Amino acid sequence: MKLRTRLIFLVLFTPTLLVIGRLISGDFKFIVNDFWFAAGLLLLILISLIDQPFFSTDGNIFLNGTSALSLILVQTTSRDFWWYLFLIWCIWLMISSFAAMALNSLNHGRPNSIISLVPKINREIGRPEAIFSAYFIWGAVRQFGLDSPKIEPLFAFWIFFMILNIPSIAKHIDTTVDKLFEKTKALNDVATLYRISDPRVMELTISRDAPRNIVGQSIIIKTREGKKIGAAIAIDDRTVAGNRIAKVAIFEQTSDWNYVANEPDKTVIEIQEQTSKPLDTPISVVDVGSTIPSLKFFVHPDITLQRGEIVWCSTSDQVRIHYQITLANIIENSAPDGNVTKSVLVTAGQLGTWDEVNLRFSPYPWVAPAGTLIYRVSQQQGNYTIPSTSASVGLIPNSTFPIHASMDDLVTHNTAIIGVTGSGKSYLAFHVIESLMAANIKVLILDLTRQHIVYLAHHNPTQLTGANQVRPWIQSNSMLAIHQFAGNQSYPMITKDFVKEAFDELNLTQLRAGMNIPARLCIVFEEAHSLIPEWNQVVIDSDKSHVNTTARTILQGRKFGLGSLVITQRTANVTKTILNQCNTIIALRSFDQTGLDFLSNYMGSDYSQAISTLPIRDGIIVGKASSCLMPVIFRIPDFDGRWNQNP
């Protein structure tokens, strides 16, 4: 019930009680002599003026017990069983509530089953309605007797008064009083300044008349005279220990901002109706633990984000720094009276500033400003045209930011695509192969799966049955060649022969001092763990020599425009001599712990931990060919229908 309504009840019912007392006692001496009146008056004051109808803290209960004890000790009549019962009641409330506060303080607010049990009991038996209603009835019965007709008006008064304080009835009364005073529930009447916890963060006390959740709504801060001195946005709204507290991030301060510090009680807070949703929505502020490469911030549990989504904040010179969400943890914070609150701690890796010309992110060299607003990026940034020297590999989730790769760097600096079956690895591989051919780079596929000949048949690939056919193919106009393994021959040996033949043809090109030849040929190792296995995975010892020869050839091939695309689902089984030459890594969903540990060296633990839970067709790209200098989660386009089969 609103304070205004309670004051009205106090004004109406106090005279009513005086009139009833005068009628049944014959004079007004009962005001100072009769115990029942004092209890009734305290009942009126505590229920009507002190706003604690739904929740009482340990401090409230201690004060209620103290007030009740003071009242009972002035009783001059004979002390019977009921008097001693009330005495024990008051002393219990005082001692137990004080002990609960002390233990809670020593326990630093952490919940404890023993500590929390007593306050739960006290919150029921220590409410003013319980204590002073009992006193009121006891005093009236002692003075007039239970069968006396004089007690009936007092009972009627008490019953009527208690009914009015039932929450649902009180709410209807509030509405009626509002209409009588010709006032509506304006949003700018429901918030007051609680404290400023950070130069850019303000906490507000929100009344029960406010909307259910004000997160995302605009806040206007004014002087009592109505002059605007600042603006903010709500980033958190929750009820703790009976108090509803909202946290708002300040994004505008005028020259009169000191008014908030000088006149906090006079500062006017207005919550604005949200008529439309902005493209970029503030969700939090930069918090403790943020570093140059990563951002830490808390969000309300009701805010739903997703891994890979981009958020951004601004520096003092209005430079936007973009971050990509990588991790989220639910944490618990202590609150008064053994209560706890839950928040989501979000970790986001820095992508940097967005270059509209080159369509890439560049790292920002400093940490994000503390307390700065963090915005959720909208999905409508614009349409981008990928450079002709690159190929699009996907978009950042929930955005139109493109991720593209340089075709030349993909080949000459070698690339690995890693992921389990069904993760989208084949889709992406087909797309990359077609992009290489479109960039006039020949592709030789060493294929154990025998699927490339099916899905890339429309490119009229040259089928190579032996390594001796490599040179004629390179000299031809055909852009695509495929060798499908058959028989029981050594896969590493055949792989070595094909790679050596390709290198021997390309190294005939005359080199210029200090210059490498642009990408000319990409050799695709499909199911690479069988073609170039780690030394402890080979079937026969001679395969170790074949793998080492392949690795040396790939290393030397860069200056002649020769490179490789390593495709595997078992990173741990692929020779690290070649994997370590892959300066671009594209990782899709994977569960191999050895492989995840290997990838952690490339992209850091935050991103490598995400690999095992990536959705289908989501990947992480990092390395020289990527348009982003930092690791980045991207979403592979939906290629359904692009090929005549579903990989």
Side-chain angles (χ1 to χ4, degrees), residues 388-391 405-415 429-487 489-528 531-532 546-547 549-567 578 581 625:
S388 58
T389 57
S390 298
S406 164
M407 293 293 95
D408 191 78
D409 289 335
L410 270 177
V411 177
T412 59
H413 289 77
N414 303 298
T415 299
F430 295 152
H431 172 66
V432 170
I433 290 169
E434 291 185 334
S435 299
L436 290 172
M437 290 189 292
N440 204 34
I441 299 172
K442 286 179 176 285
V443 179
L444 168 59
I445 303 175
L446 303 179
D447 184 18
L448 270 174
T449 65
R450 308 180 72 84
Q451 63 177 351
H452 289 268
I453 195 70
V454 176
Y455 296 106
L456 300 175
H458 56 289
H459 291 287
N460 299 315
T462 300
Q463 298 190 50
L464 306 180
T465 58
N468 61 329
Q469 298 174 342
V470 172
R471 291 195 182 194
W473 167 70
I474 293 177
Q475 297 169 4
S476 73
N477 294 326
S478 173
M479 297 300 298
L480 177 64
I482 300 176
H483 172 70
Q484 301 183 84
F485 289 85
Q489 290 180 297
S490 166
Y491 296 152
M493 181 186 69
I494 295 174
T495 299
K496 179 261 298 180
D497 292 341
F498 272 89
V499 173
K500 187 175 183 304
E501 283 294 317
F503 176 80
D504 290 344
E505 173 63 23
L506 295 182
N507 74 358
L508 298 176
T509 305
Q510 184 68 37
L511 297 177
R512 294 182 181 180
M515 295 184 62
N516 292 331
I517 295 175
R520 298 168 61 192
L521 171 62
C522 179
I523 299 179
V524 178
F525 299 108
E526 179 64 72
E527 299 289 338
L531 306 183
I532 46 174
H546 299 321
V547 172
T549 301
T550 300
R552 287 195 301 270
T553 305
I554 292 297
L555 178 62
Q556 298 172 11
R558 173 185 168 190
K559 54 181 175 288
F560 297 104
L562 172 66
S564 62
L565 176 62
V566 178
I567 304 174
I578 291 181
Q581 296 181 47

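Here the structure is a predicted model, which means the values were calculated and not measured.
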Q: Assess, by modelled atom type and distance only, whether the side chains of D408 and S406 contain a donor and an acceptor separated by less than 3.5 Å.
A: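 No donor-acceptor contact under 3.5 Å links the two side chains.
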Q: With H413, which residues qualify under ring-ring contact (aromatic ring centres under 6.0 Å, His included), at least two apart?
A: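 If we apply the ring-ring contact (aromatic ring centres under 6.0 Å, His included) test to H413, skipping adjacent residues, there are no hits.
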Q: Do any N or O atoms from the side chain of N414 and from the backbone of S564 form a donor-acceptor pair under 3.5 angstrom?
A: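 Yes: the side chain of N414 pairs with the backbone of S564.
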Q: Give the intermediate values and the outcome of side-chain contact (heavy atoms from CB on, under 4.5 Å) for residues R520 and L506.
A: CA-CA 9 Å; R520 298 168 61 192; L506 295 182; 3.6 Å; yes
Q: More than 12 foreign heavy atoms under 6.0 Å from CG of D504: is that the case here?
A: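 Counting neighbours around CG of D504, more than 12 heavy atoms of other residues, nucleotides or ligands fall under 6.0 Å, so yes.
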Q: According to side chain to side chain contact (heavy atoms under 4.5 Å, CB included), who are the partners of T462, at least two apart in sequence or on a separate chain?
A: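 For T462 the side chain to side chain contact (heavy atoms under 4.5 Å, CB included) partners, ignoring immediate neighbours, are L464, W473, S478, A481.
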Q: Applying the side-chain hydrogen bond (donor to acceptor under 3.5 Å, both in side chains) test to H452, which of E526, H483, H459 qualifies?
A: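 Among the candidates, only E526 passes.
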Q: Check whether R558 reaches the backbone of A519 with its side chain - one donor and one acceptor, N or O, closer than 3.5 Å.
A: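 Absent.
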Q: For E434, give me all partners under salt bridge (Lys or Arg N to Asp or Glu O under 4.0 Å), at least two apart in sequence or on another chain.
A: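 In terms of salt bridge (Lys or Arg N to Asp or Glu O under 4.0 Å), with neighbours along the sequence ignored, E434 is linked to R642.
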Q: Check side chain to side chain contact (heavy atoms under 4.5 Å, CB included) between S490 and all other residues, then give those that pass, not counting sequence neighbours.
A: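 Partners of S490 under the side chain to side chain contact (heavy atoms under 4.5 Å, CB included) test: P492, M493, D543, H546.
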Q: How close do V432 and L410 get, counting heavy atoms only, and between which atoms?
A: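 So the minimum-distance heavy-atom pair works out to CG1-CD1, 4.2 Å.
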Q: Tell me, do V470 and F503 make a side-chain contact under 4.5 Å, heavy atoms counted?
A: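 Result no, sub-4.5 Å side-chain heavy-atom pair not found.
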Q: List for me each residue that meets side chain to side chain contact (heavy atoms under 4.5 Å, CB included) alongside L555, sequence neighbours excluded, and say none if there are none.
A: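 For L555 the side chain to side chain contact (heavy atoms under 4.5 Å, CB included) partners, ignoring immediate neighbours, are Q581.
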Q: Are any of the side-chain heavy atoms of Y491 and L446 separated by less than 4.5 Å?
A: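 A side-chain contact under 4.5 Å is absent here.
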Q: Check whether any side-chain heavy atom of L456 sits under 4.5 Å from a side-chain heavy atom of L480, and report yes or no.
A: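 L456 reaches L480 side chain to side chain.
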Q: Let's go through I441 and L521 carefully: what are the C-alpha distance in whole Å and the side-chain angles of both, what is the deciding distance for side-chain contact (heavy atoms from CB on, under 4.5 Å) to 0.1 Å, and is it a yes or a no?
A: CA-CA 6 Å; I441 299 172; L521 171 62; 5.7 Å; no
Q: Which heavy atom of I523 sits nearest a heavy atom of A502, and at what distance?
A: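 Looking at all heavy atoms of both residues, the closest pair is CD1-CB, 4.2 Å.
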Q: With sequence neighbours left out, write down each residue that passes salt bridge (Lys or Arg N to Asp or Glu O under 4.0 Å) with E501, or none if nothing qualifies.
A: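 Checked E501 against salt bridge (Lys or Arg N to Asp or Glu O under 4.0 Å); matches are R471.
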